[in-house]
Q: 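Before anything else, here's the structure in question.
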Amino acid sequence: MSKTILKQSVRNNYKIWLVITLVLCLFLTMIFAAFNLRDTGEGENPISFTILTLLTTSFYGMIALIIPMIYSIFVGNRLIAREIDSGIMSSTLNTPITRNKVIITKAVFFISSIILMMAVLTLVGLLMDSIFNTDLDISTYLLINLGLTLYSLAVSGIVFLSSSIFNKSSNAMALGAGLPLLFYVLALVASLEDSFDFLKYFSLNTLFNTTNIVAGSNYIIPFIAMFVIAIGTYVASVICFKNKDLPI
Amino acid sequence: MDIIKIENLTKDYGQNRGVFDLNFSVKKGEIYGFLGPNGAGKTTTIRHLLGFSRPDKGNASINGMDCWLKPRIIQEKLGYIPGEMALPDNMTGGKFIQMIAELRGLKDMTFSNELIKRFDLDVKTNLKRMSKGTKQKIGIVVAFMHDPEILLLDEPSSGLDPLMQAEFIDLVREEKSKGKTILLSSHMFDEVEKTCDRVSIIKQGKIVTTINVKDIEHRNKKTYEIKFASLEDLKKFKTLEFDVIEYNEEKSRVKLEVCDKDINLLINSLNNYKIDYISEIKYTLEDYFMNFYRGENK
């Protein structure tokens, strides 16, 4: 770990982190507010869905996946591939700082920034629950957020690995952004059309299944799988970056 | 003692690009010049010395340590000016210099401040708004500030104005007098001639020729241009025996190569003719190497 590189990473990326986190929390807040204003349908047909149902169908199915993904794609690309492509990594590596130190520091920054984002999101949700009195099932809510954190870390790992493999920012972007988006689309198609159901086996998104989490079944192994993917991609990034030729 | 050593270094990028079975070494306190057209393999060689590239074959070593395996230890004593200064765009020059010093663990900024003053560098400007020359000055400060034993300079004075180029040449000479070992890649013959002890020309990844700069300075053969007042004089003169390298009837002019010991012979013989002028054409490194640049000598 290098304190200087950590500082530099924070300086370069705190703005996009703030914007993304803010947007994410705004969406969450809006959903709590919308639930609070809902037509409770008193009388003949009481509508009996909970805040958790609304959250899993509207928020955790799309917005909570895509918005942190955008953060990962931009920041992951900027941390390595863009510095190699533009050549500015040269001045960092022309010091006694090793490649290992550079990439590990950047990985720690990236992982921490995502965990922090998810922590803020979770706290904002808990805060909204107490403000709007929405009677949230807190343990399930925390479990869903843990799943989202693991999913986002796995996505960030994919972007980070792609950023470590390619020396051209555009190539790193193509794989790093393309793969998570492809996973998203495959999961979407699989859920919409029964005959394409098999596609879900080719998507990371299948591992983050809110229905299973709410039902309290079959979520532990997918969680472990996402954790392994995250660790695996980050470790592969370090190995790859350490051993490749740098055109700088 | 060889500080920088390149042994059988091969890195093939395909299409004849890269370096092929390259061998050379730089002794302690020596300035070694590296000349060659664009894409000849100069930067590729330097990349290996920095530990950025893994050789296909052979190896690059500094102070006896393999550059690919021991970059950390080597980098402590190394200063490098890249061929193309790529700097972050969100900080001032001063902040950047400070950051590199932090990465190096350098606390004593005396020499850095001296260099900033010497090269008249405005450190308050944002890097993004700096001209090429100013960025190059940043590169100079960053490469020299920790007083490294070894310097790798890749076209270090590109973008500098003539005044600063001269200042830079002075700096390099001073560092040499301190016993620094320097590898200088350049296109500027003048710079190389003024600083280097030995010069190699590299082309298509191979060293074509190596020369001691002193041999060029102290050649005992000189070239003279003689303009005669009339063509008749020139025609008569032709019969005498000197090495004629250019013969121009139109301008009644001749260029001769004359050994120093024969110079009186030339002057005496010229007595018999009416001449407009005689002037020595200084033989420079450029003349020597231009042939190789153009690819006439293979």
Side-chain angles (χ1 to χ4, degrees), chain A residues 1-19 74-75 77-106 108-109 164-169 238-248, chain B residues 11-13 17-18 43-44 46-56 68-91 93 95-106 127-128 135 138-139 141-143 145-146 148 150-152 154:
Chain A
M1 282 278 288
S2 154
K3 227 169 73 185
T4 313
I5 294 174
L6 190 65
K7 260 192 336 211
Q8 186 199 18
S9 303
V10 172
R11 248 173 69 101
N12 287 344
N13 298 300
Y14 78 94
K15 277 185 197 148
I16 183 170
W17 185 89
L18 277 177
V19 170
F74 275 98
V75 174
N77 194 55
R78 180 147 68 185
L79 282 173
I80 307 171
R82 223 172 78 180
E83 283 203 12
I84 297 289
D85 201 0
S86 67
I88 59 175
M89 183 77 89
S90 170
S91 39
T92 312
L93 288 174
N94 282 304
T95 66
I97 302 285
T98 57
R99 292 191 197 192
N100 241 346
K101 222 172 189 178
V102 170
I103 186 134
I104 288 173
T105 307
K106 284 175 183 257
V108 167
F109 163 78
S164 305
I165 292 173
F166 294 104
N167 291 326
K168 276 198 122 133
S169 176
V238 173
I239 294 170
C240 185
F241 186 71
K242 213 183 137 181
N243 289 299
K244 74 170 176 176
D245 284 349
L246 297 173
I248 50 177
Chain B
K11 184 82 182 181
D12 191 352
Y13 290 122
R17 293 184 72 93
T43 303
T44 304
I46 290 176
R47 244 179 229 157
H48 282 88
L49 288 168
L50 293 166
F52 289 171
S53 283
R54 190 206 294 259
D56 289 344
W68 173 259
L69 298 174
K70 304 262 180 207
R72 196 189 66 79
I73 305 169
I74 292 171
Q75 285 286 0
E76 274 172 13
K77 294 176 177 175
L78 196 74
Y80 166 59
I81 300 182
E84 213 169 297
M85 285 302 299
L87 300 169
D89 54 10
N90 56 355
M91 56 176 91
K95 275 264 160 59
F96 178 74
I97 292 170
Q98 191 59 48
M99 188 184 89
I100 299 298
E102 270 177 42
L103 289 172
R104 285 203 163 278
L106 179 71
L127 292 169
K128 201 196 221 163
K135 282 185 179 171
I138 296 263
V141 173
V142 165
M145 66 177 175
H146 54 292
I150 304 138
L151 286 150
L152 306 179
D154 196 357

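So you know, we letter chains A, B, ... as the sequences are listed, proteins then strands, and number each from 1.
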Q: Show your reasoning for whether side-chain contact (heavy atoms from CB on, under 4.5 Å) applies to Lys7(A) and Met99(B).
A: CA-CA 10 Å; Lys7(A) 260 192 336 211; Met99(B) 188 184 89; over 6 Å; no

Q: How many angstroms lie between atom CG of Leu50(B) and atom CD1 of Ile248(A), to the nearest 0.5 angstrom?
A: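 Leu50(B) CG to Ile248(A) CD1: 8.5 Å, rounded to 0.5 Å.
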
Q: Any carboxylate oxygen within less than 4.0 angstrom of a Lys/Arg side-chain nitrogen, looking at Asp245(A) and Lys11(B)?
A: yes

Q: Non-hydrogen atoms of chain A under 4.5 Å away: do they reach the side chain of Arg47(B), the backbone, both or neither?
A: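 When you check distances to chain A, only side chain atoms of Arg47(B) fall under 4.5 Å.
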
Q: Evaluate the criterion side-chain contact (heavy atoms from CB on, under 4.5 Å) for residue pair Arg72(B) and Lys101(A); output intermediate values, then yes/no.
A: CA-CA 11 Å; Arg72(B) 196 189 66 79; Lys101(A) 222 172 189 178; over 6 Å; no

Q: Rounded to the nearest 0.5 Å, what separation is found between the CE atom of Met85(B) and the CD1 atom of Ile88(A)?
A: 11.5 Å

Q: Shortest non-hydrogen contact from Ile100(B) to Ser91(A)?
A: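 The answer is CD1-O, 3.5 Å.
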
Q: To the nearest 0.5 Å, how far apart are OG1 in Thr95(A) and CD in Glu76(B)?
A: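 Thr95(A) OG1 to Glu76(B) CD: 9.5 Å, rounded to 0.5 Å.
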
Q: What distance do Ser90(A) atom OG and Glu84(B) atom CD have between them, rounded to the nearest 0.5 Å?
A: 10.5 Å

Q: Show the nearest heavy-atom pair for residues Leu246(A) and Ser53(B), with the distance to one decimal.
A: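 Between these two residues, the closest heavy atoms are O-OG, 4.3 Å.
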
Q: Measure Ser86(A) against the heavy atoms of chain B and call it side chain, backbone, both or neither at under 4.5 Å.
A: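 It is the backbone, since no side chain atom gets that close.
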
Q: At a heavy-atom distance under 4.5 Å, which candidate from Arg99(A), Lys3(A), Glu83(A), Gln8(A) has the highest pair count against chain B?
A: Arg99(A)

Q: Mark yes when over 12 heavy atoms from residues, nucleotides or ligands other than Lys77(B) sit less than 6.0 Å from its NZ; otherwise mark no.
A: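 Incorrect, the count does not exceed 12.
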
Q: Hey, are the side chains of Arg54(B) and Lys244(A) touching, using non-hydrogen atoms and a 4.5 Å cut-off?
A: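 No - every pair of side-chain heavy atoms lies 4.5 Å or more apart.
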
Q: Of all heavy-atom pairs between Arg104(B) and Pro96(A), which one has the smallest distance, and what is that distance?
A: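 Closest pair (atom of Arg104(B), atom of Pro96(A), distance): NH1-CD, 3.4 Å.
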
Q: Step through the shown structure and confirm whether more than 12 heavy atoms of other residues, nucleotides or ligands are within 6.0 Å of CZ on Phe74(A).
A: no

Q: What part of Pro88(B) gets within 4.5 angstrom of chain A, counting heavy atoms only: side chain, backbone, both, or neither?
A: both

Q: Most heavy-atom pairs under 4.5 angstrom with chain B, which of Thr4(A), Asn94(A), Thr98(A)?
A: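 Looking at each of Thr4(A), Asn94(A), Thr98(A) in turn, Asn94(A) comes out on top.
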
